[in-house]
Every structure is written in C-alpha cells, then in structure tokens.
Amino acid sequence: MTLANLIEPYVGRTGGLISALHEVQRVHGFLPEDTEAEAARAFNLTRAEVKGVISFYHDFKREPQGKTVVRLCAAEACQAAGGRDFIAAVEKKFALKMGETSASKDLTLEAVYCLGLCSCAPAAMVGDRLVGMADTGKIEKAVERAKKESAS
Amino acid sequence: MTALTIYLPLDSAAVAMGADDLADALQVEADKRKLDLNIVRTGSRGMHWLEPLLEVEKGGERVGYGPVNDDDAASLLDALTGDGGHAKCVGPVQEIPFFKNQTRLIFARCGVVDPVSVSDYEAYGGNAGLGKALKMDADAICAAVMESGLRGRGGAGFPAGIKWKTVSEAQADQKYIVVNADEGDSGTFADRMIMEGDPFTLIEGMTIAGIAVGATQGYIYLRSEYPIAARVLNEAIANARKEGLLGDNIRGAGKAFDIEVFMGAGAYICGEETSLLNSLEGKRGEVRSKPPLPALEGLFGKPTLVHNVISLCSVPAILDKGAAFYRDYGMGKSTGTMPFQIAGNVKQGGLYETAFGVTLRELVEKVGGGTFTGKPIRAVQIGGPLGAYLPPRLFDLEMDYEAMAANGAGVGHGGVVVYDDSVDLSDQARYAFEFCVEESCGKCTPCRVGSVRGVETVDRIKAGVDRDKNLTVLNDLCELMVDGSLCAMGGMTPIPVLSAVKYFPEDFGIKPAKQAAE
Ligand SMILES: Cc1cc2nc3c(=O)[nH]c(=O)nc-3n(C[C@H](O)[C@H](O)[C@H](O)COP(=O)(O)O)c2cc1C
Ligand code: SF4
Ligand code: FES
C-alpha cells in the first residue's frame, strides 16, 4: 500500500488527518518523510499545517522506532509505587535512557504518562502487552516474548 | 463431556496482571481433560489487588479465586470440577468488604456481565433509563438531570443540567454529543473500567443526552493508551446498531442517534474540552479562548455537549430511578455517587463507588488498607496531576466539591494516589512543573515558560541555593501562572506545587519555626 492509499480513506472523516496519521504509523512503525506531503495533498492543507499537527502529539514519530517499544509509566501513581527506581533499573538493564533506541534498532525505551493501571503500579507496556506491578524481570520476559512473536 | 462456565476479566488491569495468559492456560488444561470450558470475559470488579480474579457461579452467587495466574490453571480446574476448595478462593465476591460496602449506581454491572452483550445488559437492568427517556419530552429529560444535582465528573464539577439546557435551547442544523474519554489524570481509571466492562452504560447515557439536547451524532474521544477500551467500545457500538439501539430509529421511537470512537494521539492537554474539540477536528490540540462556550459553538462551530465518561454514565440511573433518588445520595451540593480510584502505594488498590461525603481517611486507610510497603502514609494527591498533596492531618476531610475547595484541593476525577514516608515532596513539586513543560499546549507564556522556570527554581531550592529568595520566586511564579494562563493546565499546576510547600515545608528546607509563624 502506498502512503496515499493509507491516507485517502480518512479524507472527509471527522478528525480524519489524525486517524490517517495513526494508520500510516500502524503500518510503518513511524511516519515516513513523504507523509507530510501526501497528507497535505489529500486533506488540502499546507505542509506546515500537517507538520504542526504531527509535532503536537506525542504518539507521532518521525524516526523509526525499535522493533519492540517499551513504554514505562512516569506519572505520579507509579512514582508512589517505586516507579523512579524501577525506571532507573530498566534503563540500566538495557543500557538505554528513556527516549533512546538501541543501536541494533531492537528496542526503544519511552516514557508514558499513565496507562490507567495506577492501582497495579508501576505499570508498563511492552509492544502491545500490558505489564502491572512491573519489575525489571517482568519487562525482560515481556521483551523476550515480543522478540519471539515478531520472529515467528 | 462436562461443561464449566467461568468469568474472567478482560479489563486492562486484569490483563496487565496476567488474565490473558491464564485464559490460555485454562483452555489448554481443559482440552487435555476434555472439559467443555466456556470462558466469559467480563469487566473488572475493581478489586485490583485480587486480579486476575476468576469467578464461577455457585448456589446463585459468584465465588471468586484470586489473584490467580497461569500456574494455577490445573489446580483451579481440579477445584472447579470438584468441591470448589482452593487456597486462592476468596469466597462469595459480593461479600468481600471492599465490594460489599460500595453503592454501585454506575458500576452495578461492571464485572458481572459480558460487556458486549445487549441481552446481558438488559437482563441486569440496562436500558431502563433509555426506555423512560424515549417516552419523555426533551425538556423533561433536561429537567430531571438538573434536579438530580449531577455535576461534571471530568474535574470542574460544573452542573450538568445547565449545560444540557444551554445546548438544548441552542438553534442549529446540527448538534453533537462529545464524550471526553481522554482520562489523562494519573491515578484515575474509572472511565477505562466502565468502557471496558460495561460500555452500554455509556452508550445509553449518550443516547439519552442526544435525545434531550437534539443531537444526532456522538463522538467518544478516547486516549490512545486504551486499546482494550477501543476494541470493546467498537464491538459494543456495532452490537447496539444491530439491536436498533443506535441508528435512525432507536427502538422504533423515531429518534436518531449514532456514535463513533475517535482515537487521540497522546497529549494530556487534549483532555481540556476546547483542545479536545480542535483535536477531534483533526487539528493541533491548542486550547480555544472562552467564550464562545462549546455548548453554543463547539465541534465545527456547532452546539456541543461535552461530558466526561462518568458524567454520562450517571445519567441512566437518574432517568430510571428518578432525580430525587439520585439526589438523596451524597452531601450538600455534591449529589450522587462517585467512583473513587485508589492507587499508588496502597495495599488494596482499585475502584470504590460510593456517595460523596466519604472521608479521605476511610478511603485510604479502611478501604485501601494503608500502604503496600507497610510504612506510614505521608501524603495523598487527590484529583490528578493538577491536584493538591495533602498530609494525614487533613484526612478527615470529606469528599465533597465545596469542602475540598475550602482546603485548596479538588475532587477532580476522583483519583486518590497514596504515598508512604519515603516520598520527598520537593520531587513531586518539581515533577508538577516538569509535567507542565511536557504537556503545555504552548499558547500562553506563563504556562509555557513559567513551568520551565519552575523546574529551575525548585532545583535551586532543593540544592539550598538562596533558599528564601527562591521560595519567593516560586510563589511569584505560581501567582503569575494562576493569573496569566488561559486554562487550568497552567492555572492549576501551582496547586500541587504550593500544597507541597505548605503542608510539607521540611522537604523544601523550611525550618519548623518558620512553619509555625506562617
Ligand atoms: C489540562 C486539563 C485536562 C483535562 N483532562 C480531562 C480529562 O482527561 N477528562 C475529562 O473528562 N475532563 C478533563 N478536563 C476537563 C474538561 O475541560 C471539561 O471540563 C470536561 O470534559 C467537562 O465534562 P464534565 O462536565 O462531564 O466534567 C481537563 C481540563 C484541563 C484544564
Ligand atoms: S495554560 Fe498552558 S495548556 Fe492552557 S492554554 Fe495556556 S499554554 Fe495552553
Ligand atoms: S500513573 Fe502509572 S499507570 Fe497511572
């Protein structure tokens, strides 16, 4: 599917541009460079307008992400449950800082502000798998599983 | 072949604690035994420390087992095909004190029914409010909401009835119902739980609202962090259409209403209603100046009723049981029930729906059971990232919009985050500013730049650099943010900061002597 094919179905829909960007990112894992021009053309906007939308939202990534994205909750309820130490331990374990992608492009660590799992804190999301009462062991296991699943 | 029906939550919290893995393991184990296993995936009861909580029906009541995981699959099936005895059995779920002491008007079905089954929904009292609304005229519905005293559960606590009346009286060719399901506040998950566990309650509430104000299209603005809620909502909406609960002719009564789910893209500010409307139009989520009110000029400039998920989910019970019934719960001008969410460092975390007027102490000590680390509670933060930090000496405060406001705090969306005595409130004050830096929409300078200065100033205070001078700077900065911000992002970030300084001065190096003189 070309970018135009991915984007076009959302033209004319409520909030279509944002839904189209979600779709491009779902397929490509990030927003390839031409997304801006294609979306501008499809939605009859300027490139600057599309760029303004992309840059506003945390979800939209202009760079390729690691194969597995590990999102660690950095918000208050998780902090209260030892989240700061947990994040530091995961960073150490994978030798990556929050917001970084490994050189092998296998892994990205990212901060997220609340997953709605605040009663099972600290919380994380590894790929599309939710992890409650998380510790480094649980994260490692989930990363291994995600790797196996993407290999098969 | 013997048959066995079990109930297991599909709720995100249960899944995060291993419910999907347990379901898989149970199926494998059942196949081995040639057991005809029927796993009904439900919402969560809200007792998250027991998740995954598996239930079976026995003697007309649900008996629970939890927390159980995939390692327990074999022993669970032994028990469930035998006499039911198991080390993880918690007995009849209804009798667990955490559950038993609640007043569940909104969450009555959550954890009990199959969330996407219309017949389950109606078997447990669902759509009774809609049935009545379809026979009432629009003004009478708005009047019932007004009389109930219902106030918005998204944070501001604005009377719902006034908004309904405004939208209803506005003249336009198109009006909208927009549900704020952005639920960005840390420590909150009530919206998520009801959308995952009993989405028809939201669909019913939205439909009643649509009929009352004359809107035919509804949107649910859902945060992208909630993929399970998205899946369940879309399935429920499709089933509602099939059953004639949405569409051109609802229940044959000649009224039209339909709903679409829209996925946000990760921006806390999009929970602010005008930012949300811009986002729903596919734009940057910048905050709009008010007036015009969204009730008059909202989505695409049309009259729009914007409500939090829980506000709308309170509506079916009001229509079904009557405004007076609803108003009898609660205290003063805080009527009805609120699903409080107890989170953070707490032994029994989860969702507790009860009438307003419950004290903080009851919620965190009795219901929550204190901290899971076993250390004393030192602080709670109520009402999300823009909410106040309060010390134990204020725990007798009642959960009531006015009582909280009188103490510089707010009920917000009902989140209560518990901290033990290892917390350093200067870290929390710093974080409040950091969060504002991260999430400001950038429109006003006091919010955008003030928050950056705030981080720097707290750092200087923490380092002991010119402490007195920097505390004054901090106060001035907060004053500037309160006065010069367009919305509560910048306007309320000072609340967590200043409450931390006020109630926990020692964490900012302020000597007790000075505290006494304050
Ligand atoms: C920064 C900010 C974030 C907000 N986030 C939310 C949110 O996530 N969910 C919500 O329902 N309301 C949120 N609100 C409140 C909304 O602006 C609005 O008051 C609410 O949607 C109205 O619905 P209600 O009357 O049912 O409460 C937020 C407000 C601000 C200023
Ligand atoms: S206070 Fe902050 S978030 Fe609100 S409008 Fe101003 S800059 Fe945007
Ligand atoms: S604060 Fe971390 S999941 Fe809500």
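Below, read A as the first sequence line, B as the second, and so on, with proteins coming before strands; counting in each chain starts at 1.
Interface remark: B:Gln341 contributes no atoms to any contact with chain A (heavy atom separation under 4.5 Å). No part of B:Tyr176 comes within reach of chain A, as not one of its non-hydrogen atoms sits under 4.5 angstrom from that chain. At a 4.5 Å heavy-atom cutoff, the contact between A:Ala74 and chain B is made by backbone atoms alone. Only the side chain of B:Ile228 has a heavy atom closer than 4.5 Å to any heavy atom of chain A. Looking at A:Val112, only its side chain comes within 4.5 Å of chain B, counting heavy atoms on both sides. Interface residue B:Leu280: backbone and side-chain heavy atoms are both found under 4.5 Å from chain A. Looking at B:Ser422, there are no atoms closer than 4.5 Å to chain A (heavy atoms on both sides), in backbone or side chain.
Shortest non-hydrogen contact noted between B:Ile269 and A:Phe56 is CG2-CZ, 3.7 Å. Smallest separation of non-hydrogen atoms from A:Ser119 and B:Ala343: N-CB, 3.9 Å. Minimum interatomic distance between B:Gly344 and A:Ala80 (heavy atoms only, all atoms of both residues): CA-CB, 4.0 Å. The two residues A:Cys120 and B:His48 make their nearest non-hydrogen contact at SG-CB, 4.1 Å. The two residues A:Cys114 and B:Gly187 come nearest to each other via the heavy atoms SG-N, 4.3 Å. Here the closest non-hydrogen pair linking A:Glu76 and B:Ser186 is OE1-CB, 3.1 Å.
For the set B:Tyr226, B:Tyr431, B:Tyr419, B:Phe262, the count of heavy-atom pairs under 4.5 angstrom toward chain A peaks at B:Tyr431. Chosen from B:Ala229, B:Gly285, B:Ala267, the residue pairing most often with chain A at heavy-atom distances under 4.5 Å is B:Gly285. The candidate with the highest count of non-hydrogen atom pairs below 4.5 Å against chain A, out of B:Gly350, B:Pro385, B:Pro227, is B:Pro385. Each of B:Ala16, B:Cys441, B:Gly282, B:Gly349 has some count of heavy-atom pairs under 4.5 Å with chain A, and the biggest count is that of B:Ala16. In terms of non-hydrogen atom pairs under 4.5 Å with chain A, the most contact-rich of B:Asp21, B:Asp11, B:Asp191 is B:Asp21. Listed options A:Ser19, A:Gly52, A:Gly16, A:Ala81 were ranked by heavy-atom pairs under 4.5 angstrom with chain B; first place goes to A:Gly52. Of the listed residues B:Gln348, B:Arg192, B:Met193, the one with more heavy-atom pairs under 4.5 angstrom with chain A than any other is B:Arg192.
One finds no salt bridge joining B:Asp424 and A:Arg84 here, because no Lys/Arg side-chain nitrogen approaches an Asp/Glu carboxylate oxygen to under 4.0 Å.
With hydrogens and angles ignored, the 3.5 Å screen pairs no side-chain donor or acceptor of A:Tyr57 with any backbone N or O of B:Gly264.
Annotation: A:Tyr113 is not in aromatic contact with B:Tyr268 [ring centroid separation under 6.0 Å not met].
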*After noting the C-alpha distance and the side-chain angles of B:Ser12 and A:Leu117, does the key distance pass the side-chain contact (heavy atoms from CB on, under 4.5 Å) rule?*
CA-CA 7 Å; B:Ser12 293; A:Leu117 301 173; 3.9 Å; yes
_Check against side-chain contact (heavy atoms from CB on, under 4.5 Å), A:Met125 and B:Glu225_ = CA-CA 9 Å; A:Met125 200 170 179; B:Glu225 290 85 349; over 6 Å; no
*May I have the step-by-step check of side-chain contact (heavy atoms from CB on, under 4.5 Å) for B:Glu439 and A:His58, ending in yes or no?*
CA-CA 9 Å; B:Glu439 301 295 336; A:His58 297 303; 2.9 Å; yes
